[in-house]
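Counting convention: from 1, in listed order, for ligands and their atoms alike.
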Amino acid sequence: MKVYKAHILYTKEKSSFEVLENGYVAVGTDGRVTGVSSDLASLDCVDVEVTDFGDRLLIPAMNDLHVHAPQYRNQGIAMDLELLPWLQNYTFPEEMKYADTGYAKRMYRRFVRDLWRFGTMRACVFATIHTESSRLLMHLFQEAGLGAFVGKVGMNRNCPEGLSERVEDMVDGYESLIKEFKNPSPLNSNLSPLVLPIITPRFIPSCTPEMLRACGGLAAKFQLPVQSHLSENKDEIVWVQELEPESTCYGDAYDRYGLFGQTPTVMAHCVWTDGEELELIKRRGVVVAHCPTSNFNVASGMAPIRRFLDEGLRIGLGSDISGGHDLSIFRMMVYAIQVSKMHYQQNHECPFLSLSEAFWLATKSAGSFFGRVGSFEPGYEFDALVINDSDLNHDHYSLLERLERYIYLGDDRQIEHRFCRGKAIPEPLIN
Ligand SMILES: [Zn+2]
């Protein structure tokens, strides 16, 4: 067992922070929190050495529910296009390069290192159609000790030939990844693997009905999670309706193939989700990955997150590199609050997000997609960041003000230690 002492802040509920000045958190050998308290004696771990982080802040680590690893080179470029021309002109040509595992290694190493830098310990990641580059990315996450659901991407229509894969090859590729990565950890059989394949049809326009059916089949057969894109852009929604004329909404087009909550499912964007689609998301327990910067950059719109929260939907935040330009989930909290304020300008019955709500989205709410992750309540996996904000704390701010200033003003330089599932995670090597 290990015990850490610091100023502890986390969100049990979305409406408020738990704040423990000079608090203690105890972590068992399986990496799970066994207790959190201001009173060491109450934690029942008398002879355990305490690691004292002094005046630093100890908070749950970040979770990124939607990010494209092979678009990392394109981060911060091509920010003047809408979704469909952006895909054709920038994204697809870049993804084709991942047929070369040497190129993939060079880019993916940097991507994994930078997720680490910004304190993201778990992520739902799109790779490309290429099985060997996807395998390499999964190995890099394993070597780093970070948690990731990694999706080899299914696509076989409306894309360049170099990014189209036959359905049989997609299935074979997935099965070889599943065989390698899906076994429970032999040391801790009560813990699921940190790195796991996630079934990833790119989006309806990229996949024939056969491809979608095969993806749904893999998810059901191997009980694997699913990720994709949903109702991001109005032209895209019209296109999906043309391609799947029987479907009653975009979400229903996935549902018909067993790709909408039949196994744990996360859908990115949901900017234009309403009516029947919203009801279906709720009924199926589909998780929404809100990607506010991407929605601005690719001129998609503003997702109605307050409404989703009030409807009881499960929501997390996504950086969506490279539609989004910023890998920091802390910054994503800021953008999510700002988007909700723009909504508020249009509809005053829709209050904007509070800081605790944004923090909860990035930690406990998003973390639930990976298991018991994102809080310091007993039983949660200890995914944590130690923040040394001494350069931002120049005039005796309260602990909550210090956290807010870190979220708005801080970056990777203030993160001193990172933990994933109880283990301290050193900087991954990039060479
Ligand atoms: Zn995306």
Side-chain angles (χ1 to χ4, degrees), residues 63-79 81-96 98 107-108 111 115 120 122-129 134 137 148-155 158-159 163 198-207 215 225-237 239-240 250-251 253-254 259-260 265-273 286-303 315-329 332 335-336 339 366 369:
N63 303 289
D64 189 338
L65 281 194
H66 186 74
V67 59
H68 295 259
Q71 296 175 24
Y72 199 51
R73 190 193 169 278
N74 282 355
Q75 186 184 21
I77 60 173
M79 297 274 86
L81 293 173
E82 279 199 39
L83 176 67
L84 300 177
W86 173 82
L87 278 174
Q88 291 295 343
N89 297 317
Y90 283 90
T91 307
F92 289 161
E94 178 62 19
E95 291 194 9
M96 283 166 75
Y98 286 76
M107 291 297 157
Y108 281 163
F111 169 75
L115 275 180
T120 298
R122 312 257 181 167
C124 280
V125 184
F126 279 57
T128 58
I129 66 162
S134 304
L137 179 58
F149 292 173
V150 176
K152 165 185 157 64
V153 174
M155 54 198 289
N158 297 313
C159 60
L163 280 185
I198 179 167
I199 305 301
T200 306
R202 183 179 206 108
F203 69 151
I204 297 278
S206 296
C207 302
C215 285
V226 169
Q227 64 179 352
S228 195
H229 298 93
L230 183 68
S231 296
E232 177 175 5
N233 168 296
K234 284 183 168 171
D235 291 344
E236 172 206 14
I237 295 168
W239 195 14
V240 167
Y250 194 162
Y254 287 114
L259 294 164
F260 211 66
T265 300
V266 59
M267 286 284 162
H269 305 305
C270 305
V271 172
W272 302 103
T273 291
V286 168
V287 177
V288 173
H290 177 40
C291 308
T293 46
S294 171
N295 297 156
F296 276 144
N297 290 336
V298 202
S300 301
M302 301 184 288
I315 311 165
L317 301 179
S319 65
D320 194 21
I321 300 297
S322 66
H325 62 277
D326 199 330
L327 198 56
S328 165
I329 296 298
M332 228 46 62
Y335 298 133
V339 169
F369 197 67

Contacts under 3.5 angstrom, residues 286-293 side chains, donor-acceptor by atom type, not counting sequence neighbours:
none

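- Looking at Asp320, its side chain never comes within 3.5 Å of a backbone N or O of Gly323 through a donor-acceptor pair.
- Under the rule for a side chain to side chain contact (heavy atoms under 4.5 Å, CB included), the partners of Ser228 that lie at least two apart in sequence or sit in another chain are Pro201, Phe203, Tyr254, Met267.
- Remark: Gln71 pairs with His68, Trp86, Thr91, Glu95, Arg202, Ser322 by the side chain to side chain contact (heavy atoms under 4.5 Å, CB included) rule, at least two apart or across chains.
- For the pair Asn63 (side chain) and Gly316 (backbone), a donor-acceptor distance under 3.5 Å is absent.
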For a ring-ring contact (aromatic ring centres under 6.0 Å, His included) check, start with the C-alpha distance between His229 and Phe126, then their side-chain angles and the critical distance, and finish with the verdict.
CA-CA 11 Å; His229 298 93; Phe126 279 57; 4.9 Å; yes

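- The number of protein N/O/S atoms found under 2.8 Å from the Zn ion (ligand 1) is 4.
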